[in-house]
Amino acid sequence: MQTRKEPLLELLGTPRTRFVIPAYQRLYSWKERQCHELWLDLHRAARAKTSHFIGTLLYSKEDPDRNGYLRLAVIDGQQRLTTLTLLLEALRRWANLHPEVLHGTSADDIQRRYLRADSSIDAAGAPCKLVLSRNDGPTLEAVLENTPLPKHASENVKANLAYFESRMREDAFDAPTLWRGINNLFVIAAEVDASDNAQLIFESLNSKGKPLTTADLVRNYLLLAETHEEQTRLYDEYWDPIEGMFQPDPGSLRLDNAIQGWLSVRFRKVRARGRDEVYSVFKQYVEDEFSGTTESLLHELRNFCMIWAENYRYHAVKKYKSAFQWAENGAPTLVSHYKKKQSANQSFADATRAKMDSVDATL
């Protein structure tokens, strides 16, 4: 098996090549949520001027078709390729109406290089670059050909194209930023040959090993960019206590719920509608809204988890509560800067009563 890191657009733009989804593959299944996440990731990559890894594209070469086009059978990566194709088609339609905005790339360029298999001839006369299977194929072809949809059209193909088109109709849409983000996408392109067992490789990529929990993803996201020494310090001071509060916690269910609870308080304008959306919302909060440091975020999350863990009534929580000064480490509130007074203090009560009497006397 040959592997290489490659910009996704360069791979998709390979001349006289068609990407073919085998008939045994599942239907195109990405929903609006995955499209929304991709949309956000592209804009973040463009703003940060960094590449964005979108996954592995596993494929095998087939014999050229009767027109001489190289066929690449996509074993893994259909969802990403299809979604990018729909995004490019939406951008092509937008660029066709706004030719002066997308500098350096035209609607025809997008169609010839990324949506059609042959850029050397009239783009409208070349076959589609991506060939989906079963119900999805005729729908995608109709979308790209601008012809009537089939009777039983793919709902996901239609809905996701409509989603991207709706985002591009927004007043705040910035086409050059989106285009930069698309150019920053890269994949690990893995080509299998006859000596490889493609099915075993596919299984290893998709089903072997234990799936990462929300807590795993959050921890890695927060600590990965730090130095080894700083990772160790932050882990020992914050993350280890956070995990310890909920033990035993098979599958990280309690900690994942705590992270979702914290997000619902801290990031109210975007709600995770299920466990599988929590990490995406977390990334959106940290990258688009949060302005503090990694340590300040871990500090607050640790303190929130102390309160959250009490609901599970674990005795282990007492050990962690005793290790920290809650009054000192607690998350700041809107009234935290006011000096606290004891209403049970007699002198304070007398002073307050005197003020009230003076007010009554003036009425």
Side-chain angles (χ1 to χ4, degrees), residues 37 40 44 210-345 348:
E37 292 176 7
L40 295 177
R44 293 185 190 117
K210 187 177 179 181
L212 293 174
T213 66
T214 298
D216 291 331
L217 294 168
V218 168
R219 180 192 64 241
N220 293 355
Y221 180 92
L222 292 174
L223 301 182
L224 189 61
E226 306 295 336
T227 64
H228 175 73
E229 292 77 10
E230 187 67 358
Q231 286 177 354
T232 302
R233 185 185 73 81
L234 293 174
Y235 181 89
D236 290 341
E237 189 169 345
Y238 299 101
W239 196 263
D240 185 52
I242 287 172
E243 289 185 333
M245 293 173 198
F246 299 96
Q247 296 301 322
D249 187 14
S252 190
L253 178 62
R254 295 179 174 87
L255 178 51
D256 287 359
N257 286 341
I259 293 172
Q260 183 173 357
W262 171 73
L263 278 173
S264 69
V265 173
R266 179 55 66 193
F267 194 33
R268 295 190 176 186
K269 73 178 186 180
V270 178
R271 293 300 178 99
R273 294 185 292 270
R275 290 187 68 192
D276 58 342
E277 296 186 19
V278 174
Y279 179 62
S280 174
V281 174
F282 171 81
K283 279 206 311 179
Q284 186 176 350
Y285 168 66
V286 174
E287 297 183 12
D288 298 342
E289 300 287 332
F290 182 66
S291 58
T293 64
T294 297
E295 183 164 9
S296 67
L297 190 150
L298 284 167
H299 182 279
E300 180 178 318
L301 182 60
R302 184 191 67 188
N303 295 330
F304 178 88
C305 286
M306 286 183 183
I307 297 176
W308 188 271
E310 289 180 349
N311 295 327
Y312 292 105
R313 304 182 184 281
Y314 278 166
H315 300 297
V317 174
K318 296 179 181 179
K319 177 180 68 174
Y320 290 103
K321 288 192 68 176
S322 64
F324 306 116
Q325 297 182 19
W326 178 254
E328 177 182 343
N329 292 323
T333 67
L334 294 176
V335 295
S336 60
H337 61 286
Y338 289 104
K339 184 178 180 180
K340 296 179 180 179
K341 297 182 179 179
Q342 294 290 334
S343 58
N345 183 285
F348 173 73

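For the numbers below, each heavy atom of this structure counts, side chains included, while hydrogens, waters and symmetry mates do not.
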Verify side chain to side chain contact (heavy atoms under 4.5 Å, CB included) between Glu300 and Asn303, making sure each step is shown before the conclusion. CA-CA 5 Å; Glu300 180 178 318; Asn303 295 330; 5.7 Å; no
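For the pair Arg302/Met245, a side-chain contact is recorded, criterion being any heavy-atom separation below 4.5 Å from C-beta on. Residues Cys305 and Leu255 meet the side-chain proximity criterion, which asks for heavy atoms closer than 4.5 Å. Taking 4.5 Å as the limit, some side-chain heavy atom of Leu301 sits within range of a side-chain heavy atom of Trp239. Side-chain atoms of Leu40 and Glu37, non-hydrogen and from C-beta on, never get closer than 4.5 Å to each other.
For the pair Ala258 and Phe246, the tightest heavy-atom approach, listed with the atom from each and the gap, is CB-CZ, 3.6 Å. Listed here is the closest heavy atom pair of Gly251 and Thr213: O-CG2, 3.5 Å. Closest approach of Arg219 to Tyr235, counting heavy atoms only: CD-CE1, 4.0 Å. In terms of heavy-atom proximity, Gln284 sits nearest to Arg44 at CA-NH2, 2.9 Å. Summarising the geometry of Arg254 relative to Pro248, their closest heavy-atom pair is NH1-O, 3.2 Å, with the distance given to 0.1 Å.
For the pair Glu237 and Arg233, the salt-bridge criterion is met [side-chain N within less than 4.0 Å of a carboxylate O].
The ring-ring contact (aromatic ring centres under 6.0 Å, His included) test applied to Tyr285 returns Trp262, Phe267, Phe290, not counting sequence neighbours. Partners of Phe282 by ring-ring contact (aromatic ring centres under 6.0 Å, His included), not counting sequence neighbours, listed by chain and number: Tyr221. Residues meeting the side-chain hydrogen bond (donor to acceptor under 3.5 Å, both in side chains) test with Ser296, sequence neighbours left out: Thr293.
Separating the CD1 atom in Ile242 from the CD1 atom in Ile259 is a distance of 7.5 Å, to the nearest 0.5 Å. Rounded to the nearest 0.5 angstrom, Tyr279 OH and Asp216 CG are separated by 11.0 Å. Atom CG in Leu234 sits 6.0 Å away from atom CD in Glu226 (nearest 0.5 Å).
In this structure, Asp256 contributes its side chain and Ala215 its backbone to a donor-acceptor pair below 3.5 Å. Checked by atom type and distance alone, the side chain of Gln231 pairs as donor or acceptor with a backbone atom of Leu223 at under 3.5 Å.
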